[in-house]
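Keep in mind that the numbers below use all heavy atoms, side chains included, and drop hydrogens, waters and symmetry copies.
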Amino acid sequence: MLALTNSWRSLYNKEQEFRAWLVEERKVNPETISKDQTKKEFARFVEDYNTATLPHEKFYHMEEYERRMSAMRAGEYVPPPDDSYDPSADMRAHESTHKRRVVEHETYMSKDQLMELRRVQNERIQAGKMKQLGMEIKQNMGVRMDGTMFDG
């Protein structure tokens with residue numbers, strides 16, 4: 001794709017694409033705008049064209065797009081518009097097949113140790129709620145909240 005410049009020559013070469021873009025994207029009738037406004041709109045079109053941010057492929061090559069559409073309507077096979085080979089995509093696909101799968105390891109704690117941790121966690125939650133309600137916290141809960149470290 002060649003870079004466009006903001007000149008009348010570029011406007012002449014891409015007039016069909018520019019007019020389609022004006023009508024479909026900008027909702028502007030190209031017959032009713034002034035030369036100054038046409039120049040401003042074309043500058044915007046050129047920027048989108050050169051940064052490849054136009055919303056549809058037909059705004060880049062209208063004739064090629066029309067050929068593809070007429071072939072589709074006729075029922076012919078039409079290859080995808082971008083039939084180029086991407087070696088980096090091929091390498092990424094190849095590397096992804098050879099990566100070692102991450103295996104989740106079993107826990108290093110026994111079931112009794114996990115149950116004890118769960119009990120302590122539940123007691124901490126319960127003690128925190130009791131403290132918020134202003135209740136006395138039992139010393140034998142397994143969790144000691146002395147009020148120095150936890151109060152803000």
Side-chain angles (χ1 to χ4, degrees), residues 1-133 142-143 145 149-152:
M1 180 170 65
L2 296 173
L4 286 181
T5 60
N6 195 3
S7 67
W8 289 109
R9 182 181 301 159
S10 293
L11 176 61
Y12 178 75
N13 291 337
K14 288 293 180 183
E15 184 174 14
Q16 191 177 12
E17 290 86 351
F18 173 62
R19 286 177 169 267
W21 177 79
L22 270 180
V23 171
E24 294 178 25
E25 293 301 315
R26 302 288 293 150
K27 309 291 190 236
V28 173
N29 185 351
E31 303 296 324
T32 61
I33 60 174
S34 65
K35 279 190 174 187
D36 187 45
Q37 186 65 28
T38 302
K39 214 170 192 180
K40 288 178 185 175
E41 291 293 337
F42 188 67
R44 191 172 185 170
F45 174 78
V46 166
E47 180 180 347
D48 287 352
Y49 183 92
N50 288 337
T51 56
T53 55
L54 290 171
H56 199 274
E57 66 177 290
K58 68 180 167 186
F59 300 126
Y60 295 99
H61 304 288
M62 184 66 81
E63 289 176 11
E64 182 180 320
Y65 174 76
E66 288 297 327
R67 257 194 317 271
R68 286 177 45 79
M69 290 298 109
S70 62
M72 279 182 157
R73 286 185 207 105
E76 299 173 11
Y77 169 74
V78 180
D82 187 19
D83 240 2
S84 61
Y85 173 68
D86 185 9
S88 61
D90 195 21
M91 286 302 293
R92 284 191 304 271
H94 177 70
E95 288 171 358
S96 68
T97 60
H98 291 290
K99 285 186 181 176
R100 294 184 76 170
R101 303 288 180 222
V102 178
V103 178
E104 286 190 33
H105 296 286
E106 293 292 322
T107 181
Y108 297 106
M109 302 178 96
S110 69
K111 188 172 183 174
D112 291 336
Q113 290 173 323
L114 289 172
M115 294 301 288
E116 179 64 21
L117 282 176
R118 181 178 286 163
R119 184 189 64 78
V120 170
Q121 181 182 12
N122 288 337
E123 285 182 0
R124 285 182 181 167
I125 293 169
Q126 185 180 6
K129 288 179 182 178
M130 289 173 68
K131 188 166 185 167
Q132 284 179 343
L133 293 172
V143 177
M145 295 179 73
M149 235 167 92
F150 302 103
D151 289 341

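Across Tyr49, Phe59, Phe42, Tyr60, a single residue satisfies ring pair (Phe, Tyr, Trp, His ring centres under 6.0 Å) together with Phe18, and that is Phe42. For the pairing with Gln37, the side chain to side chain donor-acceptor pair (under 3.5 Å) check across Lys40, Glu41, Lys39 returns one residue only, Glu41.
Annotation: the span from Arg68 atom CZ to Glu57 atom CD amounts to 5.5 Å, rounded to 0.5 Å. Rounding to the nearest 0.5 angstrom, the gap separating the CG atom in Leu54 from the CG atom in Asp48 is 5.0 Å. Note that CG of Leu114 and CZ of Arg118 are 8.0 Å apart. Values are rounded to the nearest 0.5 Å. Rounding to the nearest 0.5 Å places CD of Glu24 at 7.5 Å from NZ of Lys27. Between Arg124 atom CZ and Asn122 atom CG the span is 11.0 Å, to the nearest 0.5 Å. Separation of atoms CZ (Arg19) and CZ (Arg26) is listed at 16.0 Å; rounding is to 0.5 Å.
In this structure, Thr38 and Pro30 have side chains that are not in contact, with every pair of non-hydrogen atoms separated by 4.5 Å or more. For the pair Arg73/Met69, a side-chain contact is recorded, criterion being any heavy-atom separation below 4.5 Å from C-beta on. Residues Arg44 and Trp21 are in side-chain contact: their nearest non-hydrogen atoms beyond the backbone lie under 4.5 Å apart. Between Lys14 and His61 the shortest side-chain heavy-atom distance falls below 4.5 Å.
For the pair Lys58 and Glu17, the tightest heavy-atom approach, listed with the atom from each and the gap, is O-CG, 3.6 Å.
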